[in-house]
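What follows is a single structure, written as structure tokens, with notes after it.
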Amino acid sequence: MAAYDVIVIGAGPGGYVAAIRCAQLGLKTAVVEGRETLGGTCLNVGCIPSKALLHATHQLHEAEHNFATMGLKGKAPSVDWKVMQEYKQSVVDSNTGGIEFLFKKNKIDWLKGWGSIPSAGKVKVGDDVHEAKNIIIATGSEPASLPGIEIDEKTVVSSTGALSLAKTPKKMIVVGAGVIGLEMGSVYARLGTEVTVVEFLDHITPGMDKEVQRSLQKLLKKQGMEFILGAAVQSVETARGKAKLTYKLRKDDSEHQLDADTVLIATGRKPYTDGLGLADLGVEMTDRGQVKTDDHWATNVKGVYAIGDAITGPMLAHKAEDEGMAVAEVIAGKHGHVNYGVIPGVIYTHPEVASVGKTEEQLKDEGRKYKAGKFSFMGNARAKAIFAADGFVKILADKETDRILGAHIVGPAAGDLIHEICVAMEFGASAQDLALTCHAHPTYSEAVREAALACGDGPIHS
Ligand code: NAI
């Protein structure tokens, strides 16, 4: 068998990016992937197909709610779920095919099958054992269910099943008000499904800035989503394609039941390392089942590295991509680096939500003196023109030095707007640096500038 400089196990955003960078750096590289297509969870059953459904259903929402106001008369389109599914699949296919093209272009071998590591320097795929000086574990994560609840991917579904339901349900219960729950809940709410979100905590989107949590919940409620907070799900029973969910309210321990056609379990994900043989290999794990690595993504076994959802940190495709590039640089003898303080998070609801850096709550806990510059999209002409004036930009800056410490956006294109703040933070910029930068008019990005101005002498349009 051919000997490689690097074999990457897993072709998700962490693994395929690591492989491409390794190849660009002159390393002979192969990737082991057992799925029929490259791209991992993100491209096949995660970020990409969900964005297709979010886009399609947003168009429907626009037709139903805003077209007439703009003088676009006529009946709103009806939904052909089968065609919408085909559109979603075509988006997936073109993206997964794109990665295959990039592998060929970069002369990366795709070793088809599920890999294991029988010993350091060896990767087994089927009956073949390949030699590799370096191995990168990039095997990602899988949905974590709740104890006693069985996911059948028909009535009780994970995010994977939720992307391909046989038909749009009349009633859906979403367990977990995290990113998956809110994105998929939005899709079905826009398609006319009665969506109820049941969340254990007393707020949605744990870890996000409180003001963002409150604002997003209000806006989603306006779109028809119901929220039951502080509720611990006890069980889900299914019979004849229907589900009965039992939950207890944490405040008084009272028990309640809800009926639905579909229950989406969106209570988080867990690292996926099954079948790799890590225990026999002696790879150290954390107590949360993640592969333990040092600051350079090296495990305790020489020549074995790990990145992405399989290790600690936020389970985000772009965090995995950054680690993929960085570990390739390390293996090639360069200086790979990831700035974990500047990793944006985006929720692709409408409006979008984006954040980076510290929340107000974190800054308070740290006892750091800060100022908050806030600007509402109500003062942004472009947002008003497209019925998207809900939400705000909030920039948090150090009280004395004015250095930007974090930013939180609810509003149009928030997931794109956040990046000018990321770049600013990478350069250690002050809020004034952003405020003094000319922003084209009329753009949503003017709201970012206005929030930066709000950290100083004040915004113009509020
Ligand atoms: P999550 O961690 O974002 O949210 C899970 C939610 O479930 C939490 O609010 C939690 O309090 C709640 N929960 C847990 N146990 C519960 C129970 N027994 N009853 C009721 N609620 C319960 O996890 P999610 O949404 O499943 O996403 C998994 C991962 O995938 C996350 O790390 C997320 O960041 C990532 N992801 C990112 C996306 C993006 O960047 N746009 C899109 C989709 C997923």
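We use all heavy atoms of the structure for the numbers below, so side chains are in, but hydrogens, waters and symmetry mates are not.
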What residue pairs, at least two apart or across chains, pass side chain to side chain donor-acceptor pair (under 3.5 Å) with a residue in residues 133-144?
Asp5-Lys133, Ser141-Arg269, Ser141-Asp309

Which heavy atom of Tyr16 sits nearest to which heavy atom of Gly39, and what is that distance?
CD2-CA, 4.4 Å

Ala177: which residues meet the side chain to side chain contact (heavy atoms under 4.5 Å, CB included) condition with it, sequence neighbours left out?
Leu182, Val197, Glu199, Ile204

To check you understand the geometry: which heavy-atom pair defines the closest contact between Ile117 and Lys122, and what is its length?
CG2-O, 3.3 Å

Which pairs would a plain distance check flag for residues 43-53, meaning a side-chain donor or acceptor within less than 3.5 Å of a matching protein atom at least two apart in sequence or in another chain?
from	atom 1	to	atom 2	distance (Å)
Asn44	OD1	Thr37	OG1	2.5
Asn44	ND2	Leu38	O	3.2
Asn44	ND2	Gly40	O	2.9
Ser50	OG	Gly46	O	2.9
Ser50	OG	Cys47	O	2.9
Lys51	NZ	Cys47	O	3.3
Lys51	NZ	Glu183	OE1	3.0

Side chains of Ser430 and Asp433: is there a donor and an acceptor less than 3.5 Å apart?
yes

Could you pull out all residues at least two apart from Glu426 that satisfy salt bridge (Lys or Arg N to Asp or Glu O under 4.0 Å)?
none

Just checking, any donor-acceptor pair under 3.5 angstrom between side chains of Gln89 and Asp93?
yes

Could you list the residues that satisfy ring-ring contact (aromatic ring centres under 6.0 Å, His included) with His61, not counting sequence neighbours?
His65

Residues Glu329 and His335: side-chain donor-acceptor under 3.5 angstrom:
no

Hey, can you pull the donor-acceptor pairs under 3.5 Å for the side chains in residues 278-288, sequence neighbours left out?
from	atom 1	to	atom 2	distance (Å)
Thr286	OG1	Arg288	N	3.1
Thr286	OG1	Gln290	N	3.1
Thr286	OG1	Gln290	OE1	2.9

Would you kindly say whether Asp322 and Tyr340 are connected by a side-chain donor-acceptor distance under 3.5 Å?
no

